There are 2 protein chains.
Amino acid sequence: MATSNMSALSLFLDRLLRRSVLSAEEQGAILNLRSHAFQAEGRSDIVSPGQKVDHACLVVDGLVGRFDQMAADGRRQTTAFHLPGDMCDLHSVVAPVAGWGIEAIATSTVLHIPHRDLRALATSYPAIALAFWRDTTADASILGKWVSNVGRRNAPARTAHLVCEIGIRMEQAGLGERTRYTFAATQVQLADALGLTPVHVNRTLQALRADGLLRIEQRMVHVDDWDRLAVLAEFDPEYLLIEHLPEQRAA
Amino acid sequence: MATSNMSALSLFLDRLLRRSVLSAEEQGAILNLRSHAFQAEGRSDIVSPGQKVDHACLVVDGLVGRFDQMAADGRRQTTAFHLPGDMCDLHSVVAPVAGWGIEAIATSTVLHIPHRDLRALATSYPAIALAFWRDTTADASILGKWVSNVGRRNAPARTAHLVCEIGIRMEQAGLGERTRYTFAATQVQLADALGLTPVHVNRTLQALRADGLLRIEQRMVHVDDWDRLAVLAEFDPEYLLIEHLPEQRAA
DNA sequence: CGCCTGCTTGAGATCATTCAAATCGTGTGG
DNA sequence: CCACACGATTTGAATGATCTCAAGCAGGCG
């Protein structure tokens, strides 16, 4: 089990190493985590809202989203997209009762990793605890931008900002170029993420396409003019770049 | 310095202990943190966007907000309110370059605490590292709700939800009752938090008042009908209640 | 072919913004 | 005590953005 999932875990390790320094022993400990692979259909819930979980989910393949759901009429707000290599609810290690749900946007493969093991690792290796904390913080940083995106940008700028963000993250993760990457969300799912109506997302995408900024075809984003798109979005990628700490680099 | 700020630090310790179990030694280590008190005028920025900081800010008194600012026209989106006892940028310990800013909503007292010391504590005491991580996660949980609030609720429900959230948090922190607490934000600042226009906030508050749900008078929130307000807001306080972990309670 | 899902279109209603101005309260200086 | 300035709240009217509802279209698949 652990051996077959090694390469998937190394995706996660890569992500950690992008932000933190870990010793060979610490890296080995992460690669040897017990895990259990799991396949999820597109448009299915992996974790339902309010469910108590005893494992974290590492996205191996596909696209996964975190969402909050309104009790009254079931309308959803997606609060995060998770690409392969992301541990989509690492924070659940310290807060196992989720107020949110996790859904597979497209058909996806995820790895279940027991909280107990992750917590043991964090307790034994202070550097790993800090690395986990930093990883969670990176997600929180994205979440903060998501708030201002939904709260303060109109539909075209908001959509453009999301496309820019995912582009940079795909590129960082080595899964495509910022101007060309696969992104399997339907317009309905996009609407859930943008805090808009599917109809309005449709018209907005048409406008962006007509402006020569971007096209979404065959579940693939093509950015035709990155610079103008970034200007429209008021996109500054700084929030996606959490640097290594000086003393960590020195160590 | 440390002695005079002890009681302020104990506010923060209280907050940590609400979610995590810490030994006497660990508690002592937190109370003995070096710190430097600092007074901030209302409507002034404590940390400007993009500034690199080497200390975290513990709110002692007043009201503080985290915000994201648009480069083009300077309009702001507040992404979090921090009440006394909150360490408003604990995450900056692991991500010192902020994409956001911190502003004093009202005149406030904050304690500056060096990152170096907090990091040392997290490294020496695994339980403290986990406690810090959990504290950051609690803020992230609130942030997630903030996204769905701004993205999926109309102005009255959105405003109601914020009032409910702050009410519960004030109560948890022992700073008031959920139906009656001081809240020093002006309508302009409220608009920044709600992703609305000040004018629209004004009309929304009038509507809520006319419905007999709440009044804001003299910088004080009076909830006249909590139950109906919670229904309108579709408010479920679960996301604010991060429980102690079973193994922590046992230890 | 028939069905399903996702995408597209139209028209009207609703929500929220904009801009401009009036009002109110508080504190300050004359 | 009054005049004034300032920030905060309130109001009105017009505009614009987004939503709702309802229907039509296109492609993939059994």
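Throughout, a chain's letter reflects where its sequence line sits, starting with A, and its residues are numbered from 1. Below, all heavy atoms of this structure are taken into account, side chains as well, without hydrogens, waters or symmetry copies. The model shown is predicted, which means the values in this text are computed figures rather than measured ones.
- A:Thr197 comes within contact range of at least one nucleobase, with a heavy-atom separation under 4.0 Å.
- Note on the helix from C:dT8-D:dA23 to C:dG30-D:dC1: terminal axis deviation equals 30°, with five pairs used at each end and the result rounded to 10°.
- Between A:Gln187 and A:Arg152, the one whose closest nucleotide on DNA chain C sits nearer the 5' end is A:Gln187.
- Comment: B:Arg43 does not engage B:Asp192 in a salt bridge, judged by the lack of any side-chain N to carboxylate O separation of less than 4.0 angstrom.
- B:Leu205 comes within 4.0 angstrom of nothing in the nucleic acid, heavy atoms only.
- The residue A:Arg209 sits close only to the backbone: its heavy atoms come under 4.0 Å of sugar-phosphate atoms, none of a base.
- Side-chain contact between B:Leu232 and B:Leu208 is present, with at least one heavy-atom pair separated by less than 4.5 Å.
- Spacing between atom CD of A:Gln189 and atom P of C:dT5 amounts to 13 Å, rounded to whole angstrom units.
- As a whole-Å value, the separation of B:His200 NE2 from C:dT17 C1' is 9 Å.
- Counting only residues at least two apart or on different chains, the salt bridge (Lys or Arg N to Asp or Glu O under 4.0 Å) pairs with a member in residues 175-189 of chain A are A:Glu171-A:Arg178.
- Side-chain N or O atoms of B:Gln69 include none that pairs as donor or acceptor with a backbone N or O of B:Gly101 at under 3.5 Å.
- Among the atoms of the strands shown, none is found under 4.0 Å from any heavy atom of B:Arg158.
- B:Arg153 comes within contact range of no nucleotide atom at all, as no heavy-atom separation falls under 4.0 Å.
- Rounding to whole angstrom units, CG of residue B:Asn202 and C1' of C:dT23 are separated by 12 Å.
- Positionally, the nearest nucleotide of DNA chain D for B:Arg43 lies more toward the 5' end than for the other of B:Arg43 and B:Val199.
- At whole-Å resolution of the value, CD1 in A:Ile216 and P in C:dG6 are 15 Å apart.
- If you walk DNA chain D from 5' to 3' and mark each nucleotide with an atom closer than 4.0 Å to a heavy atom of chain A, the marks span D:dT18 to D:dC21.
- The interatomic distance linking B:Arg203 (CZ) with C:dA22 (C1') rounds to 13 Å, in whole Å.
- Side-chain contact, B:Thr109 with B:Gln39: a donor N or O sits under 3.5 Å from an acceptor N or O.
- Ion pair B:Asp224/B:Arg209 not flagged as a salt bridge, since none of the NZ, NE, NH1 or NH2 atoms sits closer than 4.0 Å to an Asp/Glu carboxylate oxygen.
- At a threshold of 4.5 Å between non-hydrogen side-chain atoms, the residues B:Ile113 and B:Leu9 count as touching.
- Contact annotation: A:Gln206 side-chain N/O to C:dC7 OP1/OP2 distance is not under 4.0 Å.
- Looking only at distances, a side-chain donor or acceptor of A:Arg158 sits under 3.5 Å from a matching main-chain atom of A:Arg153.
- Ring pair A:Phe235/A:His161 is perpendicular by interplanar angle, where above 60° counts as perpendicular and below 30° as parallel.
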